[in-house]
Amino acid sequence: MTERRHNRQFVRTFFTSPTAIEGEEDSAKMLRRAIQLRGMQAPDVWVPDNEDATAPSMRDEGAQNIIDVVSEHGADFPGEIHPRVVWHRDSPSTRYQGFQHMLEITDPAYGAVEYIDGFVIPEVGDIDDWKKADEFFTIVENEHGLEEGSLTMSVIIESGQAELAMESLRDEMGKPTNNLERLFLLVNGEVDYTKDMRAMTPTGSLPPWPELRHNTSRGASAAGLIAVDGPYDDIRDVEGYRTRMTENQAKGMIGIWSLTPGQVVEANTEPLPPKTGSWLLDVDGERVELTSEDGVEVYDGDYVSLETLGDDYELLVGSTTRTLTAEELHEELLKMTSYVPSMDDIVDSMEEFEAAKAAGRGAIAMKRSATLRIGNTDFDIATDRMWDEATYQAAMTPISLFQDVYENRPDQHDELEERYGEGVVERAMQVGG
């Protein structure tokens with residue numbers, strides 16, 4: 001695994017706020033609200049958005065608003081602050097405007113730069129365009145006496161050029177002619193990407209772009225960066241947002257854009273290991289969570305039924321009925337079920353493996369068992385899973401995420417301890433050391 005280059009190993013939330021709102025008595029009111037967020041409502045990365053979220057006529061005022069709000073409240077904000085400035089691969093005048101705003105925001109005389117972690121650059125093109133942006137960062141740092149590389153650069157992948165440029169990062173980063181090591185986040189921008197690709201759908205909705213999400217996650221992993229998915233604009237579709245995050249996590253993309261504090265809470269919470277474990281049953285291609293009742297995992301539906309026939313069993317799945325021996329039923333139910341481990345389960349398994357490894361054993365079997373109730377019939381299942389070093393390292397990812405959150409977000413400690421219990425949190429912070 002390529003080592004991450006910055007303090008944060010994971011970023012769950014990328015939350016944007018307009019920097020200036022036209023027609024308001026206080027044009028910076030959205031910035032003032034966002035910088036006051038704490039706990040699970042506060043993002044890992046907050047992006048005062050002086051590009052798409054702010055009208056072109058308001059962007060000069062927006063840059064000043066960033067200075068005013070961040071200089072006053074930045075010291076207490078629990079996440080990182082990365083303003084988004086204007087940029088475009090085909091427009092020198094747009095790039096110059098973004099550069100001027102960067103110079104203004106980072107002027108030490110205004111008092112905001114000590115709380116600014118970096119900038120987000122949209123609409124980048126090929127790798128030479130990324131280098132142009134990097135050079136502007138270097139000029140800004142030298143102009144204001146800042147350490148070179150102290151401002152991180154995150155880019156939004158909004159074009160085919162930018163997508164292809166990710167393949168060049170490993171070769172380009174670290175060359176003496178650039179400071180691309182300052183790169184932090186690679187963020188999907190599906191709306192402009194769709195426009196750049198000239199893609200169409202019958203309904204006019206955005207394509208899902210699984211390839212872009214995979215490529216961004218791969219590019220970030222290869223270069224030691226962090227991948228973030230783009231905005232999910234149906235802010236009332238909580239289940240859709242969760243589904244999107246689950247799909248992303250299977251690609252190694254933990255972070256996602258958040259448009260509201262409510263989405264921030266979902267995005268901060270969803271990647272964390274569950275508080276309690278749960279059994280799932282495959283029902284017509286969907287995984288249905290079983291209900292735990294007094295130590296029994298209960299399926300309460302009509303698609304699957306189970307009855308005893310003397311020493312055998314009759315299993316009905318949909319319209320298909322099969323008569324099975326106890327051994328055959330056991331094998332069938334193992335195929336149909338899966339288990340989602342809790343934080344406590346993961347920590348238990350890791351501690352057990354660490355103890356076995358300390359005793360000189362390279363692999364051990366971990367047993368998982370349950371009593372299933374389908375209809376009025378109970379049936380016991382059990383399975384062994386072999387744990388070796390590779391299994392251990394894979395299980396370490398959700399624990400590493402938790403540890404990174406706990407170390408970097410003390411404002412979330414109370415909520416995490418309430419979720420898991422102090423004992424589990426303490427043990428989780430010790431494993432893998």
Side-chain angles (χ1 to χ4, degrees), residues 8 11-86 101-102 104-106 110-120 122 154 156 185 187 189 191 228-238 241-242 245 255-270 405 408-416:
R8 289 307 302 259
V11 167
R12 298 163 295 169
T13 38
F14 179 94
F15 178 50
T16 50
S17 305
T19 60
I21 303 174
E22 196 166 3
E24 295 286 342
E25 182 177 346
D26 177 13
S27 69
K29 72 174 189 177
M30 298 301 289
L31 295 184
R32 298 189 196 282
R33 289 178 185 174
I35 206 167
Q36 300 295 334
L37 296 173
R38 298 292 183 271
M40 286 296 176
Q41 283 195 317
D44 290 338
V45 169
W46 175 45
V47 182
D49 187 353
N50 210 37
E51 196 223 13
D52 280 353
T54 301
S57 62
M58 299 293 289
R59 286 173 184 159
D60 289 343
E61 185 172 341
Q64 185 59 53
N65 286 344
I66 294 172
I67 293 169
D68 294 342
V69 172
V70 172
S71 62
E72 182 178 358
H73 301 288
D76 298 322
F77 185 71
E80 295 194 4
I81 303 176
H82 297 252
R84 174 160 68 155
V85 295
V86 294
H101 287 156
M102 289 170 63
E104 181 182 4
I105 292 167
T106 56
Y110 297 141
V113 67
E114 59 183 303
Y115 311 119
I116 299 290
D117 297 280
F119 288 92
V120 177
S154 300
I156 305 182
L185 305 177
V187 185
V191 176
V228 175
D229 193 18
Y232 191 87
D233 58 6
D234 189 347
I235 60 175
R236 292 181 175 84
D237 183 11
V238 177
Y241 195 52
R242 290 172 180 162
M245 287 187 279
I256 191 168
W257 202 311
S258 299
L259 297 171
T260 67
Q263 283 193 335
V264 171
V265 173
E266 292 294 333
N268 274 341
T269 306
E270 202 279 335
V405 170
N408 288 282
R409 294 297 303 274
D411 61 308
Q412 294 182 359
H413 283 185
D414 289 345
E415 289 166 284
L416 292 172

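Any value given below was found using the heavy atoms of this structure, including those in side chains, with hydrogens, waters and symmetry copies removed. We count residues from 1, following the sequence as given.
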Residues at least two apart in sequence or cross-chain that pass side chain to side chain donor-acceptor pair (under 3.5 Å) with S27, listed by chain then number, are E61, N65
Heavy-atom nearest pair, W257 first then V228, reads N-CG1, 3.9 Å
Sorted by chain and number, sequence neighbours left out, side-chain contact (heavy atoms from CB on, under 4.5 Å) with Q41 holds for L37, P261, V265
Distance col, row D68:CG vs L31:CG, nearest 0.5 angstrom, shows 9.5 Å
Sorted by chain and residue number, the ring-ring contact (aromatic ring centres under 6.0 Å, His included) partners of Y115 (sequence neighbours excluded) come out as none
Can you tell me if Q263 uses its side chain to pair, donor with acceptor, with the backbone of Y232 under 3.5 Å? yes
Check: Hey, does Y110 have a side-chain heavy atom less than 4.5 Å from the side chain of E104?
Finding: yes
To the nearest 0.5 Å, atom OG of S71 lies from atom CD1 of I116 at 9.5 Å
Tightest non-hydrogen contact, residues S17 and F15, listed as OG-CE2, 3.8 Å
One should read off an interatomic distance between R32 CZ and D26 CG, to the nearest 0.5 angstrom, of 4.5 Å
With sequence neighbours left out, the residues meeting salt bridge (charged side-chain N to carboxylate O under 4.0 Å, His left out) with E80 are none
When rounded to the nearest 0.5 Å, the distance separating CD of E415 from CE of M40 is 5.0 Å
With sequence neighbours left out, the residues meeting side-chain contact (heavy atoms from CB on, under 4.5 Å) with D76 are R38
Shortest non-hydrogen pair, V264 vs S258, comes out as CG2-CB, 3.6 Å
Evaluate the side-chain proximity of V120 to V187: yes if any heavy-atom separation is below 4.5 Å, no if none is. no
Sequence neighbours excluded, the answer for side-chain contact (heavy atoms from CB on, under 4.5 Å) partners of D233 is L259
For D411, the salt bridge (charged side-chain N to carboxylate O under 4.0 Å, His left out) test, sequence neighbours excluded, returns R409
Applying salt bridge (charged side-chain N to carboxylate O under 4.0 Å, His left out) to E25 and not counting sequence neighbours gives none
Across all chains, not counting sequence neighbours, the salt bridge (charged side-chain N to carboxylate O under 4.0 Å, His left out) partners of D49 are R84
Correct closest heavy-atom pair for V47 and P83 would be CG1-C, 4.3 Å
Practice task
Give a yes or no answer on whether the side chain of N50 reaches the backbone of R59 with a donor-acceptor pair at less than 3.5 Å.
Solution key: yes
Applying ring-ring contact (aromatic ring centres under 6.0 Å, His included) to H413 and not counting sequence neighbours gives Y406
D234 meets the side chain to side chain donor-acceptor pair (under 3.5 Å) criterion, sequence neighbours left out, with none
Residues G62 and T19: closest non-hydrogen pair is CA-OG1, 3.2 Å
Of all heavy-atom pairs linking V70 and A112, the shortest is CG1-O, 3.7 Å
inquiry  = Donor-acceptor pair, distance only, cut-off 3.5 Å: does the side chain of T13 make one with the backbone of N268?
reply    = no
Next item on the list: Spell out, as yes or no, whether a donor-acceptor pair under 3.5 Å connects the side chain of E51 to the backbone of V85.
Entry: no
Within a strict 4.5 Å, meaning less than it, do heavy atoms of the Q64 and V69 side chains meet? no
Residues passing the side-chain contact (heavy atoms from CB on, under 4.5 Å) test with M245, sequence neighbours excluded, are Y241, R242, Q249, I256, E266, A267, E270
